Amino acid sequence: MRRYLRSKEASIPNPKNQPRLPHTQNNRHYQHMNNQPHILDNLVRLYAARNQTELARHVFDQIPNPSVVLWNMMIRAYAWTGPFLQSIHLYHRMLQLRVTPNNFTFPFLLKACSALQAIQLGRQIHDHALTLGLQADLYVSTALLDMYAKCGNFFEARTIFDSMSHRDIVSWNAIISGFSFHAFHKQTIRLVVQMQLAGIAPNSSTIVSLLPTVGHANALCQGKVIHAYSVRRIFSHDVVVATGLLDMYAKCHHLSYAQKIFNALNQKNEICWSAMIGGYVICDSMRDALALYDAMVYMHGLNPTPVILASTLRACAKLTDLNKGKNLHCHMIKSGINSDTTVGNSLISMYAKCGIMDDALGFLDEMIIKDSVSYSAIISGCVQNGYAETAVLIFRQMQLSGTDPDSATMIGLLPACSHLAALQHGICCHGYSVVRGFTANTSICNAIIDMYAKCGKIHISRHVFDRMNKRDIVSWNIMIIGYGIHGLYVEAFSLFHELLASGMKPDDVTLIAVLSTCSHSGLVMEGKYWFNTMSQDLSISPRMAHYICMVDLLARAGNLDEACSFIQKMPFEPDVRVWSALLSACRTRNNVEMGEQVSKKIQLLGPESTGNFVLMSNLYSSVGRWDDAAYIRNIQKHQGYKKSPGCSWIEISGVIHGFIGGDRSHPQSVAINNKLQELLVQMKKMGYQADSGFVFHDVEEEEKEQILLYHSEKIAIAFGILNTRPSNPILVTKNLRICVDCHNAVKFMTLITERKITVRDASRFHHFENGICNCRDFW
DNA sequence: ATAGGGTTAG
């Protein structure tokens, strides 16, 4: 596009020969040198040519009755450097002053329209050109078709193109770059072929506008053909063509070619550097990206541009290299680039990926211009770091600020709903996505499916899954995982077999989904079968995560010794998570000896998590070794591990009510207490006995009962009973795993209240009905 | 010619 304007610039008639408008009489100073171009005219020309648009404008404003040529010059300057809207303002002022635009004015105006993606305005300008009888002008019609194509109206662009009596290479390039701009790969290639059939050979502009689509479509072979053509036509030495080729190879993941082109370039400009650094990022070579950045800054003494900073920050984010990221932040501040929205967005994402949400949020506050990307970055950052509630709050801020959420915002927000089991919010996101047409996007549907599954509405998940137009492996994985966490192993396996039959290749996550389904449902045989055959039959080699699933499966099913020998036979060193899976089963099975051994292993490996201390101390309590339990809790305190409080929440008509253990802060606290005591009496009548294993001290039976009665999930359920209709099911979500006592108590509660009660804990759904949980006590 | 945010599991 820019090249095509450049060629036209050369053909602009010399202003000296242009007819001049008569000057106003009242400016003697200007009139004085009437015969020659005035010094002010020359100044405007000089500044405009140097892209010093504001200076040019300053001078221009002092000229009383500028000629069309000068108007054109100013309009072109803005259309080139922006602010684009200024071109349009000047055009309107020109009309007010009854200066008639000529055939050179329109291409510049239309270029501004393309940049602004303002098709309505483009149409008005089109009409104006028609009334001036310029429809046959080659430049004007080329500019018109270019504008329509860039704004996405290919029909109009095509109509103009077809109606042209004469087409030069610029017209061809215009329509080609329009299609290429919108990533219509096949149509673009077809046009290039037609162009050649029409006897016009593609020039370097054609190549340059062609290459981005080729890269985008990963069409390496075509790219090579174009490369060869560029060599034959000796375009390939051109920096612009070479950069395009470099970028194309990088997008096709052909790094070595990209590097060769980069190294062979004699004069590298900043765009080459950014293309190469960006190329490394595309190809997942983050270390190389950072090394090249350092070479550029510290060896070649170049200043990073916003584009380069954005790419390099992305590399830091992927590596979670906080030091380098902070270093870049310093660069931004020093070079005054910290008000650039794009760079700022990358910076937010970098801090979020490194887990420093405070800095990410702080920077968001400082940002002068926040766009949907800024909000999306922060929202997904919050969710990734476990602050789903903050994510929802930020989303409210985003709405108040008038920034329209886009599909990426939804992809960030939907997991927040999943995490919170906030069904009402989730439904809103779903509805909004449908209205905005996002549901054509596979990732959006995937996030929606996951949201319904995690909010307890697994049948709606399946409904969405069945109706989406294109499923990828993630869609299948999410659906299988969904069935798995609901304990619906029959559905999970039937879907898995459907997947195998469909010809789509399962990936490593699919197998994690299958294995964890097995462990949730106690399917030891099936789990072993898929674990043993996955590497041969599906050519997926098991990772640590798969081993964790297997240990979990064996140990939960009670085969503690087998789990132990399985760990010993692992081809790599087991990490803390493997041992934790075993420890947790030791606790469930009250196996103190093995628990102690495992606990020692964990202490050697470190760093540990609080959960393991709690497991071990509970294990001691369950067999009455209160002193040992207390000793473990002391170590935990000394080493600075805080027990994260058990927390449960429930959504009632779109509002989330959260409770921690022993919580008496809710406004309805008195009613909740009464309800709990009432339930306790009824439960005991039916044979309920408090499970002492989870109470740390050797206390009286009654006291135990009362401590256990105020576990957060019980409070949330009581609150749910009080605030929903008697026949309604209840869904409560808990941040940790449900404890044995609550699991037992909820069974009684379903009998007393004749309701379905669902508890989603950290690992799965427990659907309680008629005194039974569908997990069959595997968890 | 180059650039920002994004779905699953462990």
Side-chain angles (χ1 to χ4, degrees), chain A residues 1-3 204-205 207-212 215 238-248 250 269-279 281-282 305-314 317 340-350 352-353 371-381 383-384 406-415 418 441-451 453-454 472-482 484-485 507-517 519 542-552 575 577-578 580-581 763:
Chain A
M1 181 66 190
R2 205 178 275 181
R3 296 215 111 212
S204 59
S205 298
I207 302 303
V208 165
S209 51
L210 190 56
L211 282 168
D238 185 326
V239 204
V240 184
V241 175
T243 308
L245 286 166
L246 184 168
D247 177 59
M248 179 276 295
N269 61 18
E270 68 198 32
I271 301 179
C272 303
W273 286 95
S274 25
M276 194 64 236
I277 293 174
V281 175
I282 291 168
T305 62
V307 179
I308 290 171
L309 280 170
S311 293
T312 317
L313 277 166
R314 203 157 172 228
D340 185 298
T341 307
T342 302
V343 181
N345 294 342
S346 294
L347 188 76
I348 287 180
S349 170
M350 186 278 295
K353 290 263 159 56
D371 62 7
S372 67
V373 179
S374 329
Y375 285 105
S376 307
I378 210 96
I379 287 172
S380 47
V383 180
Q384 281 155 15
D406 61 15
S407 59
T409 320
M410 287 300 123
I411 283 190
L413 194 61
L414 279 161
S418 306
N441 178 329
T442 306
S443 309
I444 286 278
C445 290
N446 292 346
I448 290 171
I449 294 172
D450 185 59
M451 180 276 294
K454 300 259 169 73
D472 59 9
I473 188 63
V474 179
S475 328
W476 290 87
N477 292 347
I478 289 174
M479 201 60 231
I480 295 172
I481 291 160
I485 58 177
D507 66 2
D508 52 335
V509 180
T510 317
L511 270 117
I512 294 173
V514 168
L515 294 177
S516 71
T517 299
S519 92
R543 284 191 285 121
M544 189 68 84
H546 298 96
Y547 281 91
I548 295 171
C549 286
M550 281 309 286
V551 171
D552 199 50
D575 69 1
R577 294 168 303 168
V578 177
S580 306
S763 86

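Below, read A as the first sequence line, B as the second, and so on, with proteins coming before strands; counting in each chain starts at 1. Bear in mind that the values here come from a model prediction, so they are computed numbers and not experimental data.
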Any side-chain heavy-atom pair of A/T341 and A/N345 under 4.5 Å:
yes
Output the rounded distance in Å from CD1 (A/I512) to P (B/dG10).
8 Å
From C-beta outward on A/T341, which listed nucleotide comes closest to its side chain: B/dA9, B/dG4, B/dT2?
B/dG4
Whole angstroms only, please: what is the CG-P distance between A/D450 and B/dG6?
16 Å
Does A/D371 reach a base, just sugar-phosphate, or nothing at all? Heavy atoms under 4.0 Å.
base
Within the pair A/Q384 and B/dT7, is there a side-chain N or O less than 4.0 Å away from OP1 or OP2?
yes
Between B/dT7 atom P and A/D507 atom CG, what is the distance in whole Å?
15 Å
Side-chain atoms of A/P212 come closest, of B/dG10, B/dT2, B/dT7, to B/dT2
Classify A/D406 by what it touches in the nucleic acid, base, sugar-phosphate, or nothing, heavy-atom distance under 4.0 Å.
base
B/dA3 C1' sits how many Å from A/L347 CG, rounded?
14 Å
Atom pair distance, as rounded to whole Å: OH in A/Y375 and P in B/dG4
21 Å
With sugar-phosphate meaning primed atoms plus P, OP1 and OP2, does A/R543 contact a base, only sugar-phosphate, or nothing at under 4.0 Å between heavy atoms?
base
Can you sort out the partners of A/K353 under side chain to side chain donor-acceptor pair (under 3.5 Å), two or more places apart, ordered by chain and number?
none
Regarding the side chain of A/I548, the nearest nucleotide among B/dG10, B/dA3, B/dG5 is B/dG10
What is the nucleic acid contact for A/N441, judged by heavy atoms within less than 4.0 Å: base, sugar-phosphate only, or nothing?
base
Heavy atoms only, 4.0 Å cut-off, all strands: where does A/D508 land among base, sugar-phosphate and nothing?
nothing
The reported gap from CD1 in A/I473 to CG in A/N446 (rounded to nearest 0.5 angstrom) is 10.5 Å
Can you confirm whether A/S475 sits close enough to A/T442 that some side-chain heavy atom of one is under 4.5 Å from a side-chain heavy atom of the other?
yes
Students often get this wrong, so: under 4.0 angstrom with heavy atoms, is A/A545 touching a base, only sugar-phosphate, or nothing?
base
Without decimals, in angstroms, what is the distance between A/N345 CG and B/dG6 P?
10 Å
Has A/K353 got a side-chain N or O lying under 4.0 Å from the OP1 or OP2 atom of B/dG4?
no
Min side-chain heavy-atom separation A/S346-A/L309 under 4.5 Å:
no
Among the nucleotides B/dT2, B/dG6, B/dT8, whichever has the atom closest to the side chain of A/S380 is B/dG6
For the side chain of A/V509, starting at C-beta, report the closest nucleotide among B/dT8, B/dA3, B/dG10.
B/dT8
Look at the side chain of A/S346 and the base of B/dG4, then say whether one donor and one acceptor between them are separated by less than 3.5 Å.
no
From the candidates B/dG4, B/dT7, B/dA1, the one with an atom nearest any side-chain atom of A/I478 is B/dT7
A/S274 side chain to A/I271 backbone, donor-acceptor under 3.5 Å:
yes
From C-beta outward on A/I282, which listed nucleotide comes closest to its side chain: B/dT2, B/dA3, B/dG4?
B/dA3
Quick one: which of B/dG5, B/dT7, B/dG6 gets closest to the side chain of A/S407?
B/dG6
Side-chain contact check for A/C549: nearest option of B/dT8, B/dA1, B/dG10 is B/dG10
Rounded to the nearest angstrom, tell me the gap between atom CG in A/L511 and atom C1' in B/dT8.
14 Å
What do the steps show when you test A/D406 against A/T409 for side chain to side chain donor-acceptor pair (under 3.5 Å), and what is the final call?
CA-CA 5 Å; A/D406 61 15; A/T409 320; 2.9 Å; yes
Pick base, sugar-phosphate or nothing for A/I271, based on heavy-atom distances below 4.0 Å to the nucleic acid.
base
Please work out if A/S372 contacts a base, only the sugar-phosphate, or nothing of the nucleic acid, heavy-atom cut-off 4.0 Å.
base
By the 4.0 Å heavy-atom rule, please label A/S349 as base, sugar-phosphate, or nothing.
sugar-phosphate
Under 4.0 angstrom between A/R314 side-chain N/O and B/dG4 OP1 or OP2
yes
Separation of atom CD1 in A/I348 from atom C1' in B/dG6, rounded to whole Å
15 Å
